[in-house]
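The next block holds one structure in the form of structure tokens; read it before the comments.
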Amino acid sequence: MNSTNAKGGGAARKGAPSLDMTNIPRHIAIIMDGNGRWAKKRGLPRTAGHAAGAETFRKIAKYCKRLGVEYLTVYAFSTENWKRPAEEVGAIMKLLEDYLNEAIVKMRKEGIRIKILGDIQGLSPKIRELIRKTEELSQGMEGCQANLCINYGGRDEIVRAINALSEKIKNGETVTEEMVSDNLYTKGIPDPELIIRPSGELRLSNFLLWQCAYSEFYFDDVLWPDFSEENMERAIIAYQNRERRFGGI
Ligand code: FPP
């Protein structure tokens, strides 16, 4: 077993089980939860929690890149999050804008290319233009792909796929799983082997409903802004100790 404690700059813990570098998930998905509670605990506005959460995302994306994770998908803004106060929605959109602006400059150097998953028509023209630019720059780039789910909902994604296929159905074609997958935002991206939710909540909240069919789930009590390389390492080790049977025995 080629194992190491987070080879490449991670958090080595004496005596702790180590990562098997030959069995790193290709695709890890994370529900970045707990930003609001993190801020409240510190007497800060919720928006400060989101800013800290965006920093954690930067750090964890770099760590995933070092580990050789090919896809990191994070839930940044759901189709339901529009119900939040306008100030909070605005702050999250500004963090996204800052991140995209930064990615345009640093993407090649950091080797993390960006893709946005979700209904971008619902976003501002400024953000849509930044998304267009970052995705254009990402084309043909190797490295880890960070998928940011923005204005994303798992049910909405499936409904869109059904509508996209409706003409074929009307024409009597039989719909296959592959046809559905090819009409999701994640087209061409392998399903996540591992889905992580920090902050102690034990639900999926409309995230990757189709893609999670055989994902392993990992829950951690830590709030997202405090999620460290060490937490990530523990999640991957837990995944490596699971037996995946995909319906077989
Ligand atoms: C859930 O925590 C978090 C969100 C709804 C927003 C996540 C957004 C970011 C981390 C910033 C996005 C930017 C980039 C660059 C990825 P919550 O607010 O529901 O926390 P709570 O349950 O403690 O209230």
Side-chain angles (χ1 to χ4, degrees), residues 28-65 69 71-107 110 112-120 122-124 126-131 133-135 137-138 144-154 156 185 192 195-208 219-228 231-232:
I28 299 178
I30 306 180
I31 301 175
M32 303 189 289
D33 196 14
N35 298 343
R37 278 164 283 167
W38 183 92
K40 193 171 175 197
K41 266 171 65 180
R42 287 162 180 76
L44 297 169
R46 291 178 58 81
T47 50
H50 296 312
E55 271 317 306
T56 300
F57 163 71
R58 285 179 176 85
K59 185 181 70 191
I60 293 298
K62 285 184 199 153
Y63 184 52
C64 283
K65 156 100 196 337
V69 173
Y71 301 91
L72 171 68
T73 301
V74 292
Y75 207 4
F77 194 83
S78 76
T79 44
E80 288 72 37
N81 286 152
W82 296 107
K83 291 180 209 152
R84 295 187 178 211
E87 189 205 344
E88 184 170 340
V89 171
I92 295 174
M93 292 300 157
K94 177 75 175 71
L95 288 166
L96 171 67
E97 197 182 308
D98 292 348
Y99 182 72
L100 294 173
N101 270 317
E102 183 185 305
I104 288 167
V105 179
K106 292 197 195 157
M107 192 174 348
E110 290 188 346
I112 298 167
R113 59 184 195 280
I114 317 287
K115 185 165 171 59
I116 304 296
L117 309 182
D119 177 16
I120 63 167
L123 305 176
S124 73
K126 194 172 175 189
I127 291 187
R128 289 209 303 269
E129 176 55 15
L130 286 172
I131 292 173
K133 268 196 197 156
T134 39
E135 292 193 340
L137 273 172
S138 302
C144 178
Q145 176 168 314
N147 301 312
L148 309 186
C149 294
I150 315 278
N151 199 16
Y152 172 90
D156 177 62
Y185 295 121
I195 298 185
I196 300 171
R197 182 165 193 159
S199 93
E201 304 292 351
L202 308 179
R203 58 180 173 272
L204 205 45
S205 303
N206 205 11
F207 188 46
L208 302 177
F219 298 98
D220 194 320
D221 284 336
V222 71
L223 304 172
W224 173 248
D226 289 331
F227 195 89
S228 63
N231 292 108
M232 186 57 140

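Positions are given from 1, in the same order as the sequence printed here. Note that ligands are numbered from 1 as they come in the structure, with each ligand's atoms numbered from 1 the same way.
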W224 and side-chain contact (heavy atoms from CB on, under 4.5 Å): which single residue from T56, D33, I31 fits? T56

Criterion side-chain contact (heavy atoms from CB on, under 4.5 Å) against Y185, the qualifying member of I120, L208, D119: D119

Under 4.0 angstrom from ligand 1, any heavy atom of K40? no

Using heavy atoms and a 4.0 Å limit, tell me yes or no: is E201 in contact with ligand 1? no

Would [X] count as being in polar contact with ligand 1, using the rule that some N or O on each side must be under 3.5 angstrom apart?
X	result
D33	yes
Y75	no
I92	no
R84	yes

List ligand 1 atoms under 4.0 Å from [X], heavy atoms only on the residue side.
X	answer
N81	5 (C)
Y99	15 (C)
A54	10 (C)

Look at atom NZ of K126 and say whether more than 12 heavy atoms of other residues, nucleotides or ligands are closer to it than 6.0 Å. no

Output yes when K62 and E110 qualify as a salt bridge under the 4.0 Å nitrogen-oxygen rule, no when they do not. yes

Are the charged groups of E55 and R58 less than 4.0 angstrom apart, N to O? yes

Note the single closest protein heavy atom to [atom], along with its residue, its atom name and the distance in Å.
atom	answer
atom 10 (C) of ligand 1	N35 ND2, 3.4 Å
atom 3 (C) of ligand 1	M32 O, 3.2 Å
atom 4 (C) of ligand 1	H50 CE1, 3.8 Å
atom 22 (O) of ligand 1	R37 NH2, 3.0 Å

I'd like to know whether N101 forms a side chain to side chain contact (heavy atoms under 4.5 Å, CB included) with L130, so could you lay out the CA-CA distance, the side-chain angles of the two residues, the decisive distance to 0.1 Å, and finally the verdict. CA-CA 7 Å; N101 270 317; L130 286 172; 3.3 Å; yes

From A76, C149, S78 - option closest to atom 7 (C) of ligand 1 by heavy atom: A76

Is it the side chain (CB and beyond), the backbone, both or neither of R46 that lies under 4.0 Å from ligand 1, heavy atoms counted? side chain

Just say parallel, tilted or perpendicular for the rings of Y152 and F207, cut-offs at 30° and 60°. perpendicular

Please determine whether side chain to side chain contact (heavy atoms under 4.5 Å, CB included) holds for the pair L44 and W38, giving the CA-CA distance in whole Å, both sets of side-chain angles, and the decisive distance to 0.1 Å. CA-CA 9 Å; L44 297 169; W38 183 92; 4.2 Å; yes

Spatial distance of atom CG (L95) from atom CZ (F77) [nearest 0.5 Å]: 12.0 Å

Show the numbers, then the answer: is there a side chain to side chain contact (heavy atoms under 4.5 Å, CB included) between R197 and R203? CA-CA 8 Å; R197 182 165 193 159; R203 58 180 173 272; 3.5 Å; yes

